[in-house]
Amino acid sequence: MASETQKQKVTGFVTHLLNNPDIKIEPPLVAENLIINFISKNLNQLKQTFKSPQFFPDLSWDEALQLILVDLRERILDSILPELIEYLNNNINYGVINKVSEADSVGASFYKNKFVEFVKTVLTHKDIRYNFNSVYNIFKYNMLEKYIPQIFERREFVFNELTKVQKMNLKPEEYIHYLKIIMLIKNVAYMKINFTPKDGPPQKASVNEVRKSAKMLGQFMDKLIAEIKVNLPSVSDKIMKMAIKSNVPEEMTELEDASARFIYIFTARYQDYKPYKKIDRGAESPDKSWFNIARKNAEFNGYNRRMIDELYRIAGDNNW
Amino acid sequence: MKSKKIWENFILVAIFLVIVQTFLDDYSRYQHWSIPARNMLLLTGLLFDLIFSIEFIVRTLLANKKGQVLRYWLYGRGWVDFLSSIPLLLFNSGPGVYLLLSGRMEEGAGAIATLNILKIVKAIRVTRILRLIRIMKIFGKIHNAESKMAQRHTSTIATTAVFTIIIVLVISSFFTGQTFERALNSRTKSYNNMIQSIKNINNTMEIPLRPLMYKLFSGDVKILRAHYEDLLVFSRISEEKFNEFYRMDDYLLVENDSFRLFVSVVDINKQISAFNLQSFFIIVILVFTFMIIYTKHFVQTISDIIHIIRRGLTEKDYNLQVKIREEFSEDEIFKLAEYYNDVYLPEKLRKQQEEKEKKGTVLSMDDLMDFK
C-alpha cells in the first residue's frame, strides 16, 4: 500500500509530464494518450528509472505504474467530465431515439440518465477517452449546429444521403441530436472485447483489428452491441450499428449508412482540432483547408469524396 | 536598445513635423503671411536640417565603426539621409537664415552684401525642391507591413519614383528659375524705364515731380513705396504694415539717381510657391499611395503567401492552405502555393498520421531527467 508521500510523488510526476511543453499544448484527452503511449513504448527503461532515488524506489513497478495511470486518468476526467455531463444533460434531446427506432417509446429522461452513466463508464477506458476527443470538440465548438443547418439548406449530396438514401425523415435540429447520440456510442468500438470469429480463434479485438474485413466487422458488431445493450437498453440495433460503422472507412459501409460515413469524416476533422488563435492573412480558413486536404487524401483515409467536397464548399462559403 | 527606440521615435516625429513645416513654408509664402510667422518657419527649417544632419553624421559614424559605411549608403538609405540633411542645411535653411540676418543689416552692408544675398536667393529657389527628398525618409521609419520584404520592396519602388520626380523637378527648376529670374529683371527694367519717363516728362513739360510721381504710382498696385531725394513721396501701405509683411525677398528695390522704388514681387513669389506646393502634393500623395496600395498588393500577392508556406513547412501543427486568387493563379508564386496546397500538405498530414500511429508520443526519456 503506497504512503501519502509516495502518492504525492506520483502526483508530482504526473504533473511534471503534463507540464511538458509539447504535452501542455494538447487537449487533455490527447495529452493523456501521448503520456500513455510514452509509458508503453518505454516500459523497460522506465522500470529501471523508477528504481532510482529520484523517482519511486520504494514502490514496486506495478504499483508505481498503476498509481501513475490512475492519477492521470482521474485528472483528465476531472478536467472534462463536469462540462461534458452538463452538456449531456442540457444539450441533447434523447427523444429523437424514439423517432428513429422501431422499438417501444421510452421517456427521454430515461435515455438521458442511461447515456450519462454510459458515457461515465466508457470513458474509464483509455482508448475510448482518446478517440472521444473529436466528439468533445464537436460538442464544445457546436460544429454540428453549424454544418447541419447548412446541409439542409443546400439540399445537395449530403442532404440526399442523410434523408433519402438513409430513409430518415428528420428535421435539421432532430438530425443534430440524432448524430450526437451516435457519437456518444461511436467510440465504444475502440474498447477491446473478447470476441471469437466464426472461422478463427478467440481474440481480444477492437474496431481497429476488424475494420478491414466486412465479415469480421459484422461479427464484431453483433458481439459489441450485445455488450452495449447492458448499459443502453431500448436503444435500437440500427443506431448502435450506425455508431460502430462510423469508425470504419467508406468501403466498409452499406449504402444506407450515410450517417456513419458523415460522422467518420466529421470526427476525423475534429479529432486533432485546435482552434487557431489568428488566421494568417491570405490563408484559407481552418475547416476549408482541412476539407480540401482531406479531398486529396479521401481514398487513403476512406472518406466519401462527394461528402468531403460538399463540406469543403460549406466551409469555404462560410469562412469556417 | 531603449535609447535607440526613443531616438528612432524622435526622428519619426521629426519627419512628420518637417513634412508639415515644408508645406507651411511654401503655403506661408503663397498666402503672404507676416514676416515673424515666415521667419519662424525659416528657423524651424534650420532646426530640422540640423537634427537630420546630426542623425546622418551619427549613423555614418556608427556604420563606420562596424565597417558598414557602404552598406549604409547603398542599402540603408544613407544617400537619402545625406540628401535630406547636409545639402539642405548648406543651400536652403542656412542661406535662408543668413538672408534673414543680412536683411536686418542691409542698411549698413552696402551693395556687395545685397548682391551676394541675391545670389543666395537664386540658389534657394533651386534647392528648396530638394526638401521633398525628406519624405523618402519615411520609408525607413514606418513599418507599414509586418513583412520586411514588403517594406523593402515598397520603399525601393517608391524611392525610385520619388527620386525620379525630384530629379525632373530639380532639372526643370533651372529653367523655371531662369523664367522667374527673367521676370524679376524685366520688372526692374520696366520700373527703371518708368523712372526715366518721369524724369523726361519733368524735364520737357515742366510738371512738378512729386504730384507726377504720386499720380503715376498710385495707379500701380505693385509699387509699395517711393522715395525721392530721401523723402517719402508715395506709400501704398503704412510703415508698420510694410515692416510686418514685406521681407527683402518680397520686393525689388529699384534705384535710379535720387529715385528709390519698392516694387512688390509677391505675385512672382506666389507663382513659385504654387509650383512648389504642387510638387509637394504630387510627392506626398505618391508616397502614401505606394505605402497603402502597393504595399497591400505586394503583401497579398507575395509576402503573405511566402509566410503561410514557410509556416506550413516549418510548423508541425500549421496546416492552413494558401488562398489562391483566381486572377493571379498563373503567377509563379501561386503555382508554388498550388503545389503546397495540393501536394505538400496532403503528404504532410498523411506522414504525420503514419508517424502518430507508429510513434504515438512526443515525450522521450530525457523529459524525465529534470523531475525532482
Side-chain angles (χ1 to χ4, degrees), chain A residues 9 12-17 19-26 30-31 33-42 44-46 48-50 52 54-56 130 208 268 271-274 276 279-298 300-301 312 316 319, chain B residues 145-147 150 296 298-312 315-325 328 333-334 337-372:
Chain A
K9 198 155 190 194
F13 180 71
V14 174
T15 306
H16 177 76
L17 294 176
N19 283 339
N20 181 285
D22 289 332
I23 297 288
K24 217 174 178 176
I25 54 165
E26 299 294 342
V30 176
N33 188 57
L34 291 169
I35 293 172
I36 291 172
N37 283 345
F38 164 70
I39 293 170
S40 63
K41 301 257 171 195
N42 297 283
N44 291 335
Q45 275 175 281
L46 284 171
Q48 295 303 315
T49 309
F50 280 7
S52 71
Q54 193 189 340
F55 291 89
F56 316 109
Y130 169 63
N208 285 332
Q271 175 62 28
D272 294 323
Y273 179 75
K274 278 179 205 153
Y276 280 86
I279 310 295
D280 286 319
R281 200 177 38 209
E284 292 289 13
S285 57
D287 277 9
K288 191 181 176 191
S289 290
W290 193 91
F291 286 124
N292 200 22
I293 295 167
R295 291 202 301 178
K296 313 286 173 201
N297 288 339
F300 177 80
N301 288 313
Y312 164 74
N319 203 28
Chain B
E146 283 163 32
S147 154
K296 194 178 166 197
F298 188 90
V299 160
Q300 285 179 347
T301 54
I302 310 278
S303 54
D304 275 357
I305 289 92
I306 293 173
H307 175 70
I308 294 162
I309 294 175
R310 187 188 56 78
R311 286 195 70 184
E315 293 175 31
K316 194 182 95 189
D317 285 332
Y318 191 91
N319 298 313
L320 295 186
Q321 293 195 313
V322 175
K323 206 177 270 180
I324 294 182
R325 290 174 62 177
F328 304 125
I333 188 100
F334 283 105
E338 200 180 319
Y339 182 83
Y340 163 82
N341 283 354
D342 296 345
V343 180
Y344 177 75
L345 279 183
E347 190 58 32
K348 177 185 173 186
L349 257 69
R350 222 181 293 177
K351 282 253 166 68
Q352 275 182 354
Q353 202 176 320
E354 283 167 359
E355 208 165 298
K356 200 166 86 181
E357 279 162 21
K358 206 172 116 194
K359 201 178 165 201
T361 189
V362 288
L363 293 171
S364 73
M365 288 302 289
D366 292 341
D367 293 320
L368 304 187
M369 290 307 121
D370 53 343
F371 171 67
K372 285 168 197 162

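Every chain is numbered from 1 and lettered A, B, ... according to where its sequence line falls, protein lines coming before strand lines.
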If you measure from [atom1] on [X] to [atom2] on [Y], what distance do you get to the nearest 0.5 Å?
{"X": "A:Leu17", "Y": "B:Leu368", "atom1": "CG", "atom2": "CG", "result": "6.0 Å"}
{"X": "A:Glu284", "Y": "B:Asn341", "atom1": "CD", "atom2": "CG", "result": "7.0 Å"}
{"X": "A:Ile23", "Y": "B:Asp367", "atom1": "CD1", "atom2": "CG", "result": "8.0 Å"}
{"X": "A:Arg281", "Y": "B:Ser303", "atom1": "CZ", "atom2": "OG", "result": "7.0 Å"}
{"X": "B:Met365", "Y": "A:Leu46", "atom1": "CE", "atom2": "CG", "result": "4.5 Å"}

At a heavy-atom separation under 4.5 Å, does [X] approach chain A through its side chain, its backbone, both, or neither?
{"X": "B:Thr301", "value": "neither"}
{"X": "B:Ile324", "value": "backbone"}
{"X": "B:Arg311", "value": "side chain"}
{"X": "B:Lys356", "value": "side chain"}
{"X": "B:Val343", "value": "neither"}
{"X": "B:Ile308", "value": "side chain"}

Side chain to side chain contact (heavy atoms under 4.5 Å, CB included) between A:Asp272 and B:Asp317, intermediate numbers included: CA-CA 9 Å; A:Asp272 294 323; B:Asp317 285 332; over 6 Å; no
For A:Gln54, all residues meeting side-chain hydrogen bond (donor to acceptor under 3.5 Å, both in side chains), sequence neighbours excluded: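 Partners of A:Gln54 under the side-chain hydrogen bond (donor to acceptor under 3.5 Å, both in side chains) test: none.
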Interface moiety of [X] toward chain B, non-hydrogen atoms closer than 4.5 Å:
{"X": "A:Thr49", "answer": "side chain"}
{"X": "A:Ile25", "answer": "side chain"}
{"X": "A:Asn20", "answer": "side chain"}
{"X": "A:Lys41", "answer": "side chain"}
{"X": "A:Lys9", "answer": "both"}
{"X": "A:Phe300", "answer": "side chain"}

Within 6.0 angstrom of A:Lys274 NZ, more than 12 heavy atoms from elsewhere: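 It does: A:Lys274 NZ has more than 12 such atoms within range.
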Atom CD of B:Glu355: over 12 foreign heavy atoms under 6.0 Å: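 No, because the 6.0 Å sphere around CD of B:Glu355 holds 12 heavy atoms or fewer from other groups.
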Choice from B:Val362, B:Val299, B:Leu363 maximising heavy atom contacts with chain A below 4.5 Å: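 When all of B:Val362, B:Val299, B:Leu363 are compared, B:Leu363 has the most.
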Top contributor to chain A interface from B:Ile305, B:Val322, B:Asn319, B:Asp342 [non-hydrogen pairs under 4.5 Å]: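 Looking at each of B:Ile305, B:Val322, B:Asn319, B:Asp342 in turn, B:Asp342 comes out on top.
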Heavy-atom donor-acceptor pair, A:Ser289 side chain to B:Leu320 backbone, under 3.5 Å: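 Flag not set: sc A:Ser289 to bb B:Leu320 has no pair under 3.5 Å.
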Mutual orientation of the aromatic rings belonging to B:Phe371 and A:Phe56 [parallel < 30°, tilted 30-60°, perpendicular > 60°]: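 Taking A:Phe56 first and then B:Phe371, their aromatic rings sit tilted (interplane angle of 30° to 60°).
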Chain B contacts, top residue of A:Asn33, A:Asn292, A:Ile279, A:Ile36 (heavy-atom pairs, under 4.5 Å):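 It is A:Asn292.
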Under 3.5 Å side-chain donor-acceptor pair for B:Gln353 and A:Asn301: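 Their side chains do contain a donor-acceptor pair, which is all the 3.5 Å distance test asks for.
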Closest contact, heavy atoms only, B:His307 versus A:Asp280: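 Heavy atoms of B:His307 and A:Asp280 come nearest at NE2-OD1, 3.5 Å.
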